[in-house]
Amino acid sequence: MTIRVYNTLTRAKEPFEPVQPGKVGIYLCGPTVYKEAHIGHMVGPVIFDTIKRYLVYCGFDVRWVVNITDVDDKLIAQANLRGIPMQQVATEMTADYLHNLRALGVDQIDDMPKATEHIAEIIAFIEELIERDFAYPVDGDVFFDVSADADYGKLSNRSADSQQGEGGEAAARKRSPGDFALWKSAKPGEPSWDSPWGPGRPGWHIECSAMSRRLLGKTFDIHGGGLDLVFPHHENELAQSECCHGQPMVKYWMHNGLMQAAAAGKVGGRSERERDQAGQATGSGQPPESAGNVETKISRSKGAGGLAQLIQRQGGERIRFFLLRTHYRSTIVFSEEGIAEAGTGLETFHRFCERYERVTGQSFYDLPVIGRRADGQLEAGDSSLLREVQRQRDSFLSKMDDDFNTGAAISDLFDLVRTLNKACDQQQLEDAGQRSPRALAEFQRGTATLRELTALLGLFRQPPPKTLGGADQELAGQLVELLIELRATARKGKDFAMADRIRDGLAGLGITLEDRKEGTGWRRD
RNA sequence: GGCGCCGUAGCCAAGUGGCUAAGGCAGUGGAUUGCAAAUCCACCAUCGUGAGUUCGAAUCUCACCGGCGCCUCCA
């Protein structure tokens, strides 16, 4: 077993070997908590949650850090807009973020450091950079000197001198346009911390350099984030850390694809920049604002934010599955129909889980999870069922080994559940009088593998909410049972008109009946 | 203008040099069922276009068409 990961730095898949054998440090750039999260913010956390589960499963000791940026221009702007302190904005939006993570089953994060809680480390880091002549203070600001770093641009494959750099009034104080702020002097009324350069706040990139060093060390294994962060954010982090330490910051840079809002028809036209430039005289300096054509960026689309409501409508598991269906480096086009469709596929598994419980009396969701790869090896012997399960498990794992190809691995899960359903059919496992103990035992062993593999993806940890909502749900359930009883009587008397009327009536209320040999079951759609 | 990515069935989506191109959704036919539901079985693509490299390409090269991203805040 060799895990291979795609490294943005080398633009190639490489065998995964941690810096220290057996130990893995992962740093994922988290949100700037100034507004409610949108679904695009969940792509990284869900895939890295899955990656961590997988690495732990493969025997690594993993520490996963996700930072919270709780001081920044956008936060200040939002606080002013709402007339509340910046910290309150951060607290509210962090709570929203955490709530969303929980709903999507992201629970593997070990540390969530906040920028404002690491000001001392940040200042110390900047001082080291100044000492080493990689940074210079000017009138209360401190900038990183891009020209001092010969390697600058190696992550995003661009040259330092071609960069326009961030604008604003501070730009005039920079030596060259590509230099970026490590420390920003405070304007009156802005939140600030004391520093050797006067009151101010950290620049955007420095917190990640300082906090990753503190929690994971100068060189760590995996740094993740959205593709949009490659430049300038990660390029600048890398420059700061490597100039400061004189050693590599990160062994594997991993970037997830961005989510796109579904636009009318296929998403349109040439790139925004090309459109913009076509519309005006060439050779202009700063890139202009969006031309306002079809909006495909999640962060700018009308539906941005609103993740909490989306979760309420669709449920976290569907959204997680929707995200995992596509390879993490691909663009995902968001549509609520897409999520609903993913949910339809998920039904197959939940149906199977119910069936498993009917057969064994045990809840699938309560089955112990095989947490280690080595422990999940099957002893297939002469069992054709278990040989098939073994084949599917191997296939699943080989796809996960190949840069965490969850989309491909999921196909094996569908195959596996079909294999198990077939065994159930052929061995008549639902008929306690007919089935053989051996067939039952093999079926249970095979299902343990399904449990093992689905847990790696963080799926099927809970039964889907299938009860009737509201305070009277118990009563409603009893009423459904009563109707089923009446229908059974009708069927016994061959009064199918009445039986069908009951079933159709319940269907109209969103309740589906399933007649089986042992009796009639029901579920709510 | 610079640096990248993508174009696989009605839809979503794996595969990136070689057995019959995964899987899902939708659909069709069948088994099962009183009829359904669930489940199972079968069917459903030659891979944007053109040329080239090769014994062999969806997979490599070139051109063209179409779509997207970053270069400025962004997960």
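Letters go in sequence order (proteins before strands), and every chain restarts at 1.
Between the side chain of A:Gln260 and the base of B:G69 there is no donor-acceptor pair of N/O atoms closer than 3.5 Å.
When the P atom is used for both B:G69 and B:U46, the distance is 31 Å, rounded to whole Å. Nucleotides B:G66 and B:G48 are separated by 7 Å at their C1' atoms, to the nearest Å. The gap from the C1' atom of B:A13 to that of B:C47 amounts to 13 Å, rounded to the nearest Å. Rounded to whole Å, the P atom of B:C43 lies 31 Å from the corresponding atom of B:G56.
A:Gly224 comes within 4.0 angstrom of no nucleic acid atom, judged by non-hydrogen atoms across all strands. Looking at heavy-atom distances under 4.0 Å, A:Asp73 makes no contact with the nucleic acid at all. Across all strands shown, A:Leu258 has heavy atoms under 4.0 Å from base atoms, whether or not it also approaches the sugar-phosphate. Here A:Gly44 lies out of heavy-atom contact (under 4.0 Å) with every strand. Nucleic acid contact class of A:His233 (heavy atoms, under 4.0 Å, all strands): none. Looking at heavy-atom distances under 4.0 Å, A:Gly338 makes no contact with the nucleic acid at all. Here A:Met42 lies out of heavy-atom contact (under 4.0 Å) with every strand.
Using a 4.0 Å cutoff on non-hydrogen atoms, the parts of residues 418-434 of chain A near RNA chain B are A:Arg418, A:Asn421, A:Lys422, A:Asp425, ordered by number.
When both pairing distances are held under 3.5 Å, B:C73 makes no Watson-Crick or G-U pair with any nucleotide shown.
Judged by the 6.0 Å distance and 45° axis criteria, A:Arg158 is positioned over the aromatic ring of A:Phe231. Both the sub-6.0 Å distance and the 45° axial angle are not jointly satisfied by A:Arg491 relative to the ring of A:Phe496.
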Polar pairs (N or O, both sides) under 3.5 Å between protein and nucleotides 28-34 of chain B?
from, atom 1, to, atom 2, distance (Å)
B:G34, N7, A:Arg491, NH2, 3.4
B:G34, O6, A:Arg487, NH2, 3.3
B:G34, O6, A:Arg491, NE, 3.1
B:G34, N1, A:Asp500, OD1, 2.9
B:G34, N2, A:Asp500, OD1, 3.2
B:G34, N2, A:Asp500, OD2, 2.6

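OP1 or OP2 of B:A14 has at least one side-chain nitrogen or oxygen of A:Ser330 nearer than 4.0 Å.
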